[in-house]
Protein chains: 2
Amino acid sequence: MDMTDCAACPLRQCDLFTPFSDDELDFMAHFKSGELTVTKGTTILMEGSNSGQLFTILKGMAIRYKLLEDGSRQVINFAMPGDFLGLQAGVMGEMQHSVEAASDMTLCVFRREALWDVFRSHPSRAFDLTWISAVEEHFLGETIATLGQRDGLQRVSWALTRLFMRLRAVGLGTRKSVPLPFRQQDMADALGLSLVHTNKTLAELRQQKIATWSKGVLEVHDFDKLRSTGLVDENREAKRPLL
Amino acid sequence: MDMTDCAACPLRQCDLFTPFSDDELDFMAHFKSGELTVTKGTTILMEGSNSGQLFTILKGMAIRYKLLEDGSRQVINFAMPGDFLGLQAGVMGEMQHSVEAASDMTLCVFRREALWDVFRSHPSRAFDLTWISAVEEHFLGETIATLGQRDGLQRVSWALTRLFMRLRAVGLGTRKSVPLPFRQQDMADALGLSLVHTNKTLAELRQQKIATWSKGVLEVHDFDKLRSTGLVDENREAKRPLL
DNA sequence: CGCATTATTGAAATACTTCAAATACGGTGG
DNA sequence: CCACCGTATTTGAAGTATTTCAATAATGCG
């Protein structure tokens, strides 16, 4: 099988993540049951379903979202390489949101039953799982603060700043640009803004030579301006575990 | 010491929570290091701090919030009896939000080091911790959807519905009313609305004889109307673990 | 009783939405 | 390689929910 060896996993190199011990590495290789390749548009996990699998994103990006009763869609966040998918169904028995591939993707697949083994036999990795969950909570809290307290320009700047920082941290793009394969509609649904307003706000950032997002690529011309407009604080992201 | 025995803990009776096995009960009693009583207004946990303690709320309610760079405040959510506080600092090493008592409270206190014991020696309880974290994530996702997609009346109705359901589930209040010791400003900061608009929206719910929130008590006159206005679906809350 | 905090109400200002239509883009088949 | 079609982006203009400003009334605490 043409499967990336965990030992050779490029994500391990990113200093966004805490390093693996040899033991942990062994276990991950055992935990891993395969690799999945999906094309843009594929639904990876479905709200209400109880997938038998858990994933870590190796390549590509995805959209986590909820559909509301009235047909509108809320994008919860954007998932990137290194992100873990399916933990909710793993512990609660049911996904609370759907996940759709925004680009072609490669995913590391774990059997759900293996989750029990983690808790029974690898307490430090179980701890890491909870850690990952706590990190997720932290970002959701920040999102709530953004939707609740910031205006359109601040929201868009916040989102672009965070995406840029995260993508750079996993080694994507160049010094001032990163791939960003979403539609403006996705961004609008993430920020609770209308498509039209999102578009006009992006136009303003472009016109002010702060950032340009076009054809799937985000170019940041003035990072500090973008960051301060989005009210994102300067200090670097804390390390977190990778599964 | 005048401390509630875990075996006698009234929260265990609520069918919102999964039942305890005798083993689990034993462990919890061991895990518990004391009880804390605080008065309204006390800051229990502080953003950026690394508290040595974890808590389960036994009595009273609290506000989880973040202060933003520009001075505004976002209330992340309201914490009620049965909620677990401090897990973020426990695993990530630092709180990402503050927690302040909205009424006089009684808290069950756990030593932070005990968290390690849980993962090392009690895998099923460790699993529950992750479960609790996943439940938290679920609610934050729902909050994001509310702030992003719903208008003022829907937001207020959503919040009152959830609070009412949750408080009833932990045995508080009567059939149609529950204690709700927050200020309108707290609700406004939670929903991303101005105080004035929140007030006018509450006035409308009152005038329409749907719900009245006054002097720390929420009376729900037409639950189904409130629920449907807030676009909350009918199915009952899934059980979750209690720590 | 008096003071500080919280709730209430009216009116003006505005950020954002909705509607509508034009333009650009990307992929497909001829 | 070009023509075509569906999807995504862009722009203008009118409408509206919500904010902000400002002032009064009620509540609760020492």
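Letters A, B, ... are given to chains in the order of the sequence lines, protein chains preceding strands, and every chain is numbered from 1. Hydrogens, waters and symmetry mates play no part in the numbers below; they use all other heavy atoms, side chains included.
The residues A/E237 and A/R240 are annotated as not salt-bridged, no charged nitrogen and carboxylate oxygen being separated by less than 4.0 angstrom. A salt bridge between B/R183 and B/D189 is absent, with no side-chain N of the basic residue lying under 4.0 Å from a carboxylate O of the acidic one. A salt bridge links B/R166 to B/D83: one of the charged nitrogens lies within less than 4.0 Å of a carboxylate oxygen. In this structure, B/K40 does not pair ionically with B/D104, as no charged nitrogen and carboxylate oxygen lie closer than 4.0 Å. Remark: B/E136 engages B/R64 in a salt bridge, criterion side-chain N to carboxylate O under 4.0 Å.
In this structure, NE2 of B/H197 is placed 15 Å from P of C/dT9, rounded to the nearest angstrom. If you take CG of A/L180 and P of D/dA8, they are 15 Å apart, rounded to a whole angstrom. The CG atom of B/D189 sits 12 Å away from the P atom of C/dT6 (whole-angstrom rounding). Distance CE (A/M187) to C1' (D/dA8): 15 Å, rounded to an integer number of Å. If you take CG of A/L195 and C1' of C/dC16, they are 13 Å apart, rounded to a whole angstrom. Look at CH2 on A/W213: it is 7 Å from P on D/dT9, rounded to the nearest Å. Atom pair B/D151:CG and D/dT19:P shows a separation of 11 Å (rounding to whole Å applied). Going from atom CZ of A/R206 over to atom P of D/dT9 covers 11 Å, rounded to whole Å.
Within 4.0 Å (heavy atoms only), B/L193 reaches sugar-phosphate atoms of the nucleic acid but no base atom. Looking at heavy-atom distances under 4.0 Å, A/R155 makes no contact with the nucleic acid at all. At the heavy-atom level, A/G192 lies under 4.0 Å from the strands shown only through sugar-phosphate atoms. Contacts of A/N199 with the nucleic acid, taken as non-hydrogen atoms under 4.0 Å apart, include base atoms.
Atom CD of B/Q74 sits about 6.0 Å away from atom CG of B/L147, to the nearest 0.5 Å. To the nearest 0.5 Å, atoms CZ (A/F164) and CZ (A/F223) are separated by 6.5 Å.
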Quick test: give all pairs of protein nitrogen or oxygen and nucleotides 10-12 of chain C nitrogen or oxygen below 3.5 Å, distance rounded to 0.1 Å.
from	atom 1	to	atom 2	distance (Å)
C/dG10	N7	B/K200	NZ	3.1
C/dA11	N6	B/K200	NZ	3.4

Atom pairs under 3.5 Å, N or O on each side, protein against nucleotides 24-30 of chain D: can you list them with distances?
none

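Each of C/dT6, D/dT19, C/dT17 was ranked by its minimum atom distance to the side chain of B/R183; first place goes to C/dT6.
Panel note: side chain B/W213, backbone B/L180; a donor-acceptor pair is recorded below 3.5 Å.
None of B/Q208, B/Q207, B/R206 except one satisfies the side-chain hydrogen bond (donor to acceptor under 3.5 Å, both in side chains) rule with B/E204; the exception is B/Q208.
Between B/Q185 and the phosphate of C/dA7, there is no side-chain N or O to OP1/OP2 separation shorter than 4.0 Å.
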